[in-house]
Amino acid sequence: MTDELLANAKKAAEAMTSEAAEESKEAAESLRARLEEERTARRKEADEAAERAYSGRKKLGELEAGKVALKAKQQCVTEVYAKVKELILSLKDADYLALYKKLIESECEDGDEIIVAASDAKRITAEFIKKLSSSTKKKLSLSKEKGDFSGGVILRGKKYDRDLSVDAVVEELKSRTVSETVHSLGL
């Protein structure tokens, strides 16, 4: 009977050991599968986070590149109008006076006092103003005051002044033609 009990106990122990080994194997496989799923999920999250970070940096880079390009375009346009200003200021006296004759004639009113830029005092003279006054049939006078601007004149009237300085003329030209200038430059 002892042998039989020992044999039954041995069979039961072997069955339990076999069952425990099977359960241990299944638990290990289940754990491996869960770990693999977890690793896959974490990798996917990390890839998505990396993609979001890359996409965000790429968009930021594109915005920065756009700002740099816009600044370069603005600088090109600014340089074009600076050249226009230089061209006006460097006109020969006859051409410069013809330009200002047209500008003053189109803007002057009877009784205006003309303030000339200090740099133009030798170009736009009392004699020039006298001829303008005669041709427009308006009383115009040359101010003793000299303007502190790059070139041109200011018409000082009784009610308001009109700025015909080279800077103002170029700025007004720019406001009317900037889109065409940008298009012409291919910007």
Side-chain angles (χ1 to χ4, degrees), residues 48-187:
E48 288 171 354
E51 181 60 33
R52 283 191 305 274
Y54 170 76
S55 179
R57 287 203 170 113
K58 181 179 174 192
K59 285 186 193 295
L60 186 60
E62 289 169 352
L63 287 173
E64 287 299 318
K67 283 200 263 185
V68 168
L70 177 61
K71 187 175 181 178
K73 288 176 184 181
Q74 289 171 333
Q75 194 171 8
C76 286
V77 170
T78 299
E79 287 179 24
V80 165
Y81 289 99
K83 290 287 185 192
V84 169
K85 178 182 171 181
E86 284 177 31
L87 286 171
I88 292 171
L89 290 171
S90 66
L91 286 172
K92 293 180 182 176
D93 286 348
D95 295 331
Y96 189 81
L97 291 174
L99 171 66
Y100 268 91
K101 180 179 186 289
K102 285 181 182 179
L103 287 171
I104 293 170
E105 285 176 342
S106 70
E107 296 291 325
C108 72
E109 294 177 355
D110 195 37
D112 279 350
E113 180 182 28
I114 299 174
I115 301 170
V116 177
S119 60
D120 283 345
K122 291 185 180 178
R123 284 179 156 183
I124 301 175
T125 62
E127 184 181 322
F128 176 77
I129 301 301
K130 187 176 180 180
K131 286 179 184 176
L132 263 176
S133 188
S134 175
S135 70
T136 60
K137 299 187 184 343
K138 294 178 183 171
K139 185 179 177 192
L140 303 173
S141 63
L142 180 63
S143 175
K144 292 184 193 246
E145 177 185 348
K146 298 298 177 212
D148 186 21
F149 40 92
S150 61
V153 300
I154 292 178
L155 303 178
R156 181 176 285 160
K158 294 173 186 163
K159 297 178 186 174
Y160 55 90
D161 297 344
R162 273 109 34 235
D163 188 352
L164 298 179
S165 65
V166 173
D167 291 327
V169 169
V170 171
E171 194 57 39
E172 192 276 330
L173 175 69
K174 181 180 178 181
S175 71
R176 286 186 296 113
T177 63
V178 71
S179 61
E180 291 133 18
T181 301
V182 168
H183 180 72
S184 295
L185 294 172
L187 302 175

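Just so it is clear, the model here is predicted, and its values are computed rather than measured. Quick note: residue numbers are just sequence positions, from 1.
- Atoms CD and CG, from Glu107 and Asp163 in turn, are 10.5 Å apart once rounded to the nearest 0.5 Å.
- Residue Leu173 holds its CG atom at 7.0 Å from OG1 of Thr181, rounded to the nearest 0.5 Å.
- Rounded to the nearest 0.5 angstrom, Leu140 CG and Glu109 CD are separated by 10.5 Å.
- No side-chain heavy atom of Asp161 sits less than 4.5 Å from a side-chain heavy atom of Leu155.
- Interatomic distance, CD1 of Ile114 versus SG of Cys108, reported as 7.0 Å (0.5 Å rounding).
- Residues Ser150 and Ser119 approach most closely at O-OG, 2.9 Å, considering heavy atoms.
- To the nearest 0.5 Å, the span separating NZ on Lys174 from OG1 on Thr78 amounts to 4.5 Å.
- Between the side chains of Asp120 and Tyr96, a donor-acceptor pair is found at a separation under 3.5 Å.
- Contact of the Phe128 side chain with the Ile104 side chain is registered, since non-hydrogen atoms from C-beta on lie closer than 4.5 Å.
- Nearest approach of Tyr81 to Thr177, heavy atoms of both residues: OH-OG1, 2.6 Å.
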### Task
Start with the C-alpha gap between Tyr54 and Lys58, add the side-chain angles, then the distance that decides, and say whether side chain to side chain contact (heavy atoms under 4.5 Å, CB included) holds.
CA-CA 6 Å; Tyr54 170 76; Lys58 181 179 174 192; 4.1 Å; yes
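- Between Lys83 and Glu79 there is no salt bridge, since no side-chain N of the basic residue sits under 4.0 Å from a carboxylate O of the acidic one.
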#### Entry: side chain to side chain contact (heavy atoms under 4.5 Å, CB included) evaluation trace for Leu91 with Tyr100
CA-CA 11 Å; Leu91 286 172; Tyr100 268 91; over 6 Å; no
### Query
Where do Lys101 and Lys131 land on the side chain to side chain contact (heavy atoms under 4.5 Å, CB included) test, with the steps shown first?
CA-CA 10 Å; Lys101 180 179 186 289; Lys131 286 179 184 176; over 6 Å; no
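- Residues Glu145 and Ile115 come closest through the heavy atom pair O-CG2, 3.6 Å.
- More than 12 heavy atoms of other residues, nucleotides or ligands lie within 6.0 Å of CD in Glu62, so this atom counts as buried by the packing criterion.
- More than 12 heavy atoms of other residues, nucleotides or ligands shown are found within 6.0 angstrom of NZ on Lys138.
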#### Entry: Pair Lys71-Lys67, side chain to side chain contact (heavy atoms under 4.5 Å, CB included): steps then yes or no
CA-CA 6 Å; Lys71 187 175 181 178; Lys67 283 200 263 185; over 6 Å; no
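- When all heavy atoms of Arg123 and Leu97 are compared, the pair lying nearest together is O-CD2, 3.3 Å.
- Between the OG atom in Ser133 and the CG atom in Asp112 there is a gap of 10.0 Å [rounded to 0.5 Å].
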